[in-house]
Structure formats: C-alpha cells, structure tokens
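Input: one structure, supplied below.
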Amino acid sequence: MADLPYFYLPRNERKVAVANGILREAAAERGLTVVPLHEAMRREGWRGVLHHFADDWFHPNDRGYRVWASAFLPAVIEQATAKFPRRTAD
C-alpha cells in the first residue's frame, strides 16, 4: 500500500501528514509495507504540478502514474524476491 501523495498546498499537507501517520501506524500493526508515494511526489516539486496531473487537476496523468509506479517498484521487487528467490544452478 502507499501513503497519500503530496498535495502541494500547506493546508492540504497538514491533513495529509495526519492521515499518513494513521496509515503507517495501521500498516505497521498489520505487517504491511507502505510505499513512500508522498516523498516520490514531493521530489517532483512544482514541475509535477504542471506536468503530472490529468485535466481534472486531481488525478495523475500518464507521467504522474510513472512517478507512482517508480515509487512502488522497490517494494514490488523486494516482495517478489522474497517470495520467489532465485535458484542457483547446481
């Protein structure tokens, strides 16, 4: 699962910080991995505002979803590697 993305405006970010704290606590109680989507979006900065949103200015567009996918990739690889370890040739 992922934490909430970065919403750029301070008022929104205060709410996101509270929600992400609750989310991370609940995930920890259940042994779930939390993908740092918030940080991935924050690193995109204002360029992300201009280039990563769909016409509704809320949902990601294709570029935005690539950022999201890159945030998930390390966790997916880690989980897949743990579940399906490489076998060495005998």
Side-chain angles (χ1 to χ4, degrees):
M1 65 186 298
D3 57 9
L4 296 176
Y6 187 63
F7 282 95
Y8 301 95
L9 301 173
R11 182 175 143 257
N12 295 341
E13 280 300 293
R14 286 189 291 275
K15 293 176 184 178
V16 168
V18 170
N20 280 343
I22 294 167
L23 186 146
R24 288 184 178 284
E25 184 177 308
E29 290 171 0
R30 292 160 179 81
L32 300 174
T33 299
V34 178
V35 170
L37 181 59
H38 185 269
E39 179 59 23
M41 294 296 291
R42 189 190 66 75
R43 280 193 310 262
E44 294 297 311
W46 287 101
R47 180 179 65 121
V49 172
L50 300 173
H51 299 288
H52 296 159
F53 284 94
D55 291 338
D56 66 4
W57 289 96
F58 182 79
H59 294 94
N61 61 17
D62 290 346
R63 289 179 186 150
Y65 278 122
R66 278 194 287 276
V67 174
W68 287 39
S70 70
F72 274 88
L73 186 59
V76 170
I77 290 171
E78 181 182 329
Q79 293 291 321
T81 302
K83 187 168 180 121
F84 305 105
R86 290 185 179 206
R87 295 184 185 163
T88 58
D90 291 334

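The chain is numbered in sequence order, starting from 1.
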**Backbone N/O of Phe7 and side chain of Glu13: donor-acceptor pair under 3.5 Å** =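 Yes.
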**Request:** Measure the shortest side-chain to side-chain distance between Met41 and Trp68 over non-hydrogen atoms and say whether it is less than 4.5 angstrom.
**Result:** yes
**Item:** Hydrophobic cluster membership, Tyr65 vs Leu50, 4.5 Å side-chain cutoff
**Value:**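 As far as the 4.5 Å side-chain criterion goes, Leu50 and Tyr65 are not connected within one cluster.
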**Asked** Out of curiosity, Arg43 CZ to His38 NE2, how far, rounded to the nearest 0.5 Å?
**Response**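 These two atoms lie 11.5 Å from each other.
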**Message:** As an exercise, state the distance from CZ of Arg14 to CG of Asn12, rounded to the nearest 0.5 Å.
**Reply:** 9.0 Å
**Message:** Between Met1 and Leu23, is there a side-chain heavy-atom distance shorter than 4.5 Å?
**Reply:**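 SC-SC contact between Leu23 and Met1 confirmed.
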**Item:** Considering all heavy atoms, the nearest Ala71-Val35 contact
**Value:** O-CG1, 3.1 Å
**Item:** Whichever hydrophobic residues join Leu73 through chains of side-chain contacts under 4.5 Å
**Value:** Ile77
**Message:** Heavy-atom count check: over 12 atoms from other residues, nucleotides or ligands less than 6.0 Å from Asp55 CG?
**Reply:**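 No, the 6.0 Å shell around CG holds no more than 12 heavy atoms from other groups.
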**Asked** Where does the angle between the aromatic ring planes of Trp46 and Tyr8 fall among parallel (under 30°), tilted (30 to 60°) and perpendicular (over 60°)?
**Response** tilted
**Message:** Between Ser70 (side chain only) and Val67 (backbone N and O only), is there a donor and an acceptor less than 3.5 Å apart?
**Reply:**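 A pair under 3.5 Å: yes.
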**Item:** Contact summary for Val34 and Ala2, nearest pair of heavy atoms
**Value:**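 In this case the closest contact between Val34 and Ala2 is CG1-C, 4.1 Å.
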**Asked** Considering all heavy atoms of both residues, which atom of Pro5 and which atom of Val16 are nearest to each other, and what is their separation?
**Response** O-CG1, 3.8 Å
**Message:** Once rounded to the nearest 0.5 Å, what's the spacing between atom CZ of Arg24 and atom CD of Glu29?
**Reply:** 14.0 Å
**Prompt:** Do side-chain atoms of Asp3 reach the backbone of Asn20 as a donor and acceptor pair under 3.5 angstrom?
**Reply:**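 Answer holds: no.
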**Prompt:** Hey, any chance Ile22 and Leu32 share a hydrophobic cluster, counting ILVMFWY side chains that come within less than 4.5 Å of each other, even indirectly?
**Reply:** no
**Asked** For Leu4 and Ala19, which heavy atoms make the closest approach, and how far apart are they?
**Response** CD1-CB, 3.5 Å
